[in-house]
Enquirer: 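Pasting in a structure now, in structure tokens, and then I'll have a few things to ask.
Predicted, not measured: the structure shown is a model, and the values here were computed from it. Proteins get letters first, then strands, A, B, ... in listed order; numbering begins at 1 in each.
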There are 2 protein chains.
Amino acid sequence: MNALLAIAKALADPSRLRILLALEAGELCICQLIALLKLAPSTISRHLFLLTHAGLIERRQEGKWVYCRRAGARAPRLVREALALVDRSLRDDPIRTRDAARLKKILARPVEEICPPLKRARTRKERSLP
Amino acid sequence: MNALLAIAKALADPSRLRILLALEAGELCICQLIALLKLAPSTISRHLFLLTHAGLIERRQEGKWVYCRRAGARAPRLVREALALVDRSLRDDPIRTRDAARLKKILARPVEEICPPLKRARTRKERSLP
DNA sequence: AATTCATTTCGTCAAATGTCGAAACGAGGA
DNA sequence: TCCTCGTTTCGACATTTGACGAAATGAATT
């Protein structure tokens, strides 16, 4: 019963549903999810922990960044069915549509801003201050 | 997104999952659910409210008693799929097996105890006291 | 080795949740 | 009409949960 409970709890929050929807198209960096949901990094981190614990997503570290993607075809049937349920029931959801548009903008940013800047890089002047 | 959220929240509690499993075989009186789960009537009532609000169960009043059953074939697809998910993922769950055995005993009780007695009927002596 | 910076962990707070008991409700029966 | 009794609502309480900021972590770079 614990597997189902973990999945149900993971799906019982709007922010976590939005994360799953954002990952529908493919892998995303955590900082991109932070930019999309506009929540504190620590909050996103907690959501991702719960989603990982439920087996719904997987993480992959690459250098300084951590990427997330949905659990794939090798995941347990329950997980795959839960993800399918989310997709089907939210296919026409306005929040999903809005987030998809915003995500598109985020992904279109120039590479130099690698991850969507939480705050812009500090200037030389700022760096020299205490 | 609200429909899915309500369902996920409803499924995110062990007692409510046990109620859904108990209703797999068919309709049950609320007092039978109280006897099965051994929770306060007010607690069961709250659980049933959340399950009803999610559309997962329906209620039917018959005289003094209220009966519950799962949402049927006329329920939205999301509801039917969620119930199917619960059944499949908990088919071999030990809690489900144990509850099924206990429910069998409860249903086998003589009809005179109509609903499983929370407390036995008061004696004439008790009735005459303040 | 020190620095940088994306991410996580920790501490705290407010809000939501599960539970209970007491009281209210409401349908039948006396 | 009054009583009985299954169920619901209300109020209280402890636990859990979502959110934040501050501090810790850790991988690259300098």
Enquirer: Taking NZ from A:Lys64 and P from C:dT3, how many angstroms apart are they, rounded to a whole number?
Expert: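 Value for this atom pair: 15 Å.
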Enquirer: At their closest point, which heavy atom of B:Ile30 faces which heavy atom of B:Cys68, and how far apart are they?
Expert: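 Shortest heavy-atom separation between B:Ile30 and B:Cys68 comes out as CG1-SG, 3.9 Å.
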Enquirer: For B:Leu51 and D:dT8, give me the distance from atom CG to atom P, rounded to whole Å.
Expert: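 Going from CG in B:Leu51 over to P in D:dT8 covers 12 Å.
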Enquirer: In this structure, how many angstroms lie between the P atom of D:dT17 and the CG atom of B:Leu5, rounded?
Expert: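 B:Leu5 atom CG is separated from D:dT17 atom P by 16 Å.
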Enquirer: In whole angstrom, what separates A:Gln61's CD from D:dT25's P?
Expert: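 Roughly 16 Å, once rounded to whole Å.
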Enquirer: Nearest whole angstrom, please: distance from the P of C:dT8 to the CG of A:Leu48.
Expert: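 Rounding to the nearest Å, CG of A:Leu48 and P of C:dT8 are 7 Å apart.
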Enquirer: May I ask you to test the B:Leu11-B:Leu20 pair for a side-chain heavy-atom distance under 4.5 Å?
Expert: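 A side-chain contact under 4.5 Å exists here.
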Enquirer: Please report, rounded to the nearest Å, how far the P atom of C:dT7 is from the CZ atom of A:Arg59.
Expert: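 Rounding to the nearest Å, CZ of A:Arg59 and P of C:dT7 are 10 Å apart.
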Enquirer: For a 4.5 angstrom cut-off between non-hydrogen side-chain atoms, does A:Ile57 reach A:Leu23?
Expert: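 Yes, at least one pair of side-chain atoms sits under 4.5 Å.
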Enquirer: Can you figure out which of C:dT8, D:dT4, D:dT9 approaches the side chain of B:Ser45 most closely?
Expert: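 Nearest listed nucleotide: D:dT9.
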Enquirer: Without decimals, in angstroms, what is the distance between B:Ile30 CD1 and D:dT9 P?
Expert: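 Value for this atom pair: 10 Å.
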Enquirer: Tell me which pairs pass salt bridge (charged side-chain N to carboxylate O under 4.0 Å, His left out) where either residue lies in residues 24-33 of chain B, with sequence neighbours left out.
Expert: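 Checked against salt bridge (charged side-chain N to carboxylate O under 4.0 Å, His left out) - neighbours excluded - the pairs reaching residues 24-33 of chain B are B:Glu24-B:Arg96, B:Glu27-B:Arg60, B:Glu27-B:Arg69.
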Enquirer: Determine whether B:His53 and B:Lys9 make a side-chain contact, defined as any pair of heavy atoms from C-beta on separated by less than 4.5 Å.
Expert: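 Of all side-chain heavy-atom pairs linking B:Lys9 with B:His53, none is under 4.5 Å.
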Enquirer: For each nucleotide in nucleotides 15-23 of chain C, reading 5' to 3', give B when a protein heavy atom comes within less than 4.0 Å of its base, S when such contact involves only the sugar-phosphate, and - otherwise.
Expert: --SBBBB--
Enquirer: Before accepting this row, confirm whether a basic side-chain N of the pair A:Arg70/A:Asp87 lies closer than 4.0 Å to the acidic partner's carboxylate O.
Expert: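 Here A:Arg70 pairs with A:Asp87 in a salt bridge, since their nearest N and O are under 4.0 Å apart.
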Enquirer: Rounded to whole angstrom units, what separation is found between the CD atom of B:Glu62 and the P atom of C:dG26?
Expert: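 Computing the B:Glu62:CD to C:dG26:P distance gives 20 Å.
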